[in-house]
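A, B, ... follow the sequence lines: proteins, then strands. Residue 1 opens every chain. It should be emphasised that the depicted structure is a prediction, and the values quoted were computed from it without experimental measurement.
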Amino acid sequence: MKKSQHRSLSPYRFPDKKGHFGEFGGRYVAETLMPALKELEAAYQKIKGDASFRKEFQSYAADYVGRPTPLYFASRLSEATGHRVYLKREDLCHTGAHKVNNTLGQILMALRMKKKRVIAETGAGQHGVATATMCARFGLECEVFMGDEDIRRQSLNVFRMKLLGAKVTGVSSGSATLKDAMNEALRDWITRVQDTYYCIGTVAGPHPYPLMVRDFQSVIGKEARKQVQKQTGRLPDYLMACVGGGSNALGLFFPFLQDKRVKIIGVEAGGDGLSSGRHAAAIGGGKPGVLHGQKSYLLQDPDGQIIPTHSISAGLDYPGVGPELSFLHQAGRIDFVSVTDKEAMAGFDWLTRLEGIIPALESAHALGFLKKSAKKLKKNSIIVINLSGRGDKDMGTVADYHGVSL
Amino acid sequence: MNRIETKFKDLKHQSGKAFVSFITAGDPNLATTERLMHRLESAGVDILELGVPFSDPMADGPVIQRSSERALKAGASLKKIIAMVKKFRRSSQLPILLMGYLNPILAYGFEDYFRDAAAAGIDGTLIVDLPPEEGEAIRRSAHSHGVSLIYLLAPTSDDERIGLVAKQGAGFIYYVSLTGITGAKIAADLSSQRALKTLRRQRTLPICVGFGVKTPAQAKKVATLADGVVVGSALVELIETHGVKNGLTAVESLAKRFSRAIHSLG
Ligand SMILES: Cc1ncc(COP(=O)(O)O)c(C=O)c1O
């Protein structure tokens, strides 16, 4: 895997001006959207160096979202694995997942850009809820696109969004999951680009979204880096996070990329197993291609058609992955692995019983990986796992899985 | 000079306008598409645009989304579409361009694609999600095989982008009449759109206007503002509602009406 490490990652100068991470990323969209992306990029450059924006962001992050989130030493997981396991508690954020870090940043931007209407795509509904929450807080009109299949399996979050005043629009085309919701959000944006802000929920999409979302989510890794050093006196041996589009993963990983001794592991959704063809592991089972405005690893057939994905977790059920993660995979800086639905469920039960924390099914993938591979890692390692969200939204799916009717 | 370029040169001499018709290749199957192409030619179409179906057509409305789904279900692929055009070429010199999304062309390999497309007699290619900024290598490949790489412009395009496309585009410029997806309602303010006005002042490439042209009367109006008119969803919809047998005749007779409307000018 290390053989392709041909590119110097330090200093780290990615993306370039056109939004490329090596061969990945870029801006592959219909012409109608090009001016809007330029406008967004200019707005982002402006707020990036703006102290008043930073202050506003930090103030809401502290008092509204509840940051910094704790880095929790999970002593019973540690005992069970023979390592020192720390959980970055994004599940304790307002709305229940890391997604809100990004929506806070983007909605503050939308306000500065004087947009009145916000749209978003959502899979698990966490990004939809986070967007609806911020729109409620700031009095913006909000419409969330969600695949019919996800509306079914994440019905609690659909209800939350509606309570928050958002319109939830079901999408029945294709596989009726996250990718189709993103298609529909893009179609809406093409149609109403003048007055609408498109709030993408992960480190994917056309430039500048992957950059912007990474920056907003990096708060996770910045905090974790300080916290782990304070609690253990050194940097961790391993970082682990689940990877759907990659925003919680990159948010944790990014501030550690230059720390060469920290091993970084991204856990993709293995569904029924990579050999079954029913999974959502874009890097593990895909090849580079273009979808939703970016070049990145993509699950596709030999004709370049996107293939249907499967994961027990709606938030990971997506055929692509953010371009920066594709790049860091190719550069050999991040190792990508996958765990099956079954292994994720084992991780879910494990954390719930040992630590009294019910994780989101997405985050349960990272725990599933720890559970199955703990013995293979160097003894007594310091491991930081991103607990990206809590499991309340998944009670229906988990009950189904165990054959329980609620 | 490929057939698209020759066509516009001829039309210019006659002060005529081009009728560009769009259908999805392989909807409901490729044999029907080939027959439809002949019918469209006899109905008076000047340029044939064939949609290459994609699983995730982000810039298309429900009508073309559904037609793409039908085509994919029936097994259409870029390879088979190229082969079908090659066969069609034995009996027709109608200018043909393929319109689609980038990923199927990347999966094919874009160098191989332009080589095979040129050999099959395909004159142009329009890739919806490939703006000129990302298109340099692909544009060079298209150019070296004599295939026009056609770019889109939209009402949101500013002067800089209009200049860029006028410089880098080939064949013609496809002006999207509205901020929206295919099949939407045509903009009432087309004639006053700033981008279209600016675009008409450049003289490097012919301009075709499309998206939302549903009736011959609209087509006639649009033709006064451009060098050509693209009609898509209105024809594709007939294939859906009439089925194969009656669809052929229905499409041909509507195409005839469009042809008369567009060609009555000049
Ligand atoms: C709790 C949680 N974790 C992870 C994800 C996956 O997204 P990403 O890979 O962008 O973090 C989601 C998406 O919905 C989520 O809700």
Side-chain angles (χ1 to χ4, degrees), chain A residues 17-20 23 25-39 171-175 179-196 205-207 286-296 298-308 319-320, chain B residues 52-62 65-66 68-69 72 75-81 100-109 113 127-135 151-158 160-162 164-165 173-176 178-185 195 211:
Chain A
K17 278 206 178 72
K18 286 179 161 180
H20 293 131
E23 69 165 295
R27 206 174 249 169
Y28 296 88
V29 295
E31 171 65 25
T32 310
L33 294 179
M34 286 300 285
L37 291 170
K38 291 206 162 157
E39 181 194 354
V171 179
S172 61
S173 56
S175 54
K179 88 168 166 73
D180 309 287
M182 194 145 177
N183 288 334
E184 209 52 38
L186 282 163
R187 289 182 191 121
D188 181 279
W189 201 31
I190 290 175
T191 306
R192 298 195 52 180
V193 62
Q194 273 101 343
D195 74 337
T196 297
H207 178 64
K287 58 180 190 156
V290 167
L291 181 71
H292 295 154
Q294 55 164 19
K295 187 182 249 188
S296 197
L298 199 55
L299 292 170
Q300 53 184 313
D301 71 12
D303 289 331
Q305 306 295 343
I306 310 309
I307 52 184
Chain B
V52 179
F54 181 47
S55 53
D56 294 79
M58 271 136 27
D60 285 300
Q65 282 176 45
R66 287 196 299 269
S68 303
E69 273 175 33
L72 288 175
S77 68
L78 193 48
K79 204 169 172 177
K80 290 182 192 164
I81 293 166
Y101 294 81
L102 181 56
N103 204 52
I105 291 178
L106 288 182
Y108 195 103
Y113 166 71
I127 307 172
V128 178
D129 52 352
L130 185 76
E133 283 88 340
E134 302 287 354
Y151 285 117
L152 295 164
L153 281 171
T156 52
S157 305
D158 58 20
E160 191 190 328
R161 302 198 57 73
I162 293 169
L164 186 69
V165 165
I173 292 171
Y174 189 134
Y175 182 76
V176 176
L178 44 87
T179 40
I181 52 180
T182 56
K185 228 176 104 201
F211 279 40

Using a 4.5 angstrom heavy-atom cutoff, name the option from [options] with the most pairs to chain B.
| options | answer |
| --- | --- |
| A:Arg192, A:Met34, A:Met182, A:Glu184 | A:Met34 |
| A:Leu186, A:Ile306, A:Asp188 | A:Ile306 |
| A:Asp301, A:Leu291, A:Asn183 | A:Asn183 |
| A:His20, A:Arg27, A:Lys38, A:Glu31 | A:Glu31 |

Per-residue contact mode, [X] against chain B (heavy atom under 4.5 angstrom):
| X | value |
| --- | --- |
| A:Val29 | backbone |
| A:Asp180 | side chain |
| A:Ile307 | neither |
| A:Pro302 | backbone |

Does any backbone or side-chain atom of [X] lie under 4.5 Å from a heavy atom of chain A? Answer side chain, backbone, both or neither.
| X | result |
| --- | --- |
| B:Pro57 | both |
| B:Ile181 | both |
| B:Leu102 | side chain |
| B:Leu72 | side chain |

B:Glu133/A:Lys18 ion pair, N-O < 4.0 Å = no

Check [X] against [Y] and note the closest heavy-atom contact, atom names and distance.
| X | Y | value |
| --- | --- | --- |
| A:Gln300 | B:Ala107 | OE1-CB, 4.3 Å |
| B:Ser55 | A:Lys179 | O-NZ, 4.3 Å |
| B:Pro104 | A:Gln305 | CG-NE2, 4.3 Å |
| A:Gly304 | B:Phe54 | O-CE1, 3.4 Å |
| A:Gly26 | B:Glu134 | CA-OE2, 3.1 Å |
| A:Lys295 | B:Leu106 | CE-CD1, 4.2 Å |

Listed partners of B:Arg66 passing salt bridge (Lys or Arg N to Asp or Glu O under 4.0 Å), at least two apart = B:Glu240

For residues B:Thr156 and A:Gln194, determine if any side-chain heavy atom of one lies less than 4.5 Å from a side-chain heavy atom of the other.
-> yes

Qualifying residues under side chain to side chain contact (heavy atoms under 4.5 Å, CB included), relative to B:Ser77, sequence neighbours excluded | A:Asp303, B:Lys79, B:Lys80

Give a yes or no on this: more than 12 heavy atoms of other residues, nucleotides or ligands lie within 6.0 Å of atom NZ of B:Lys185.
-> no

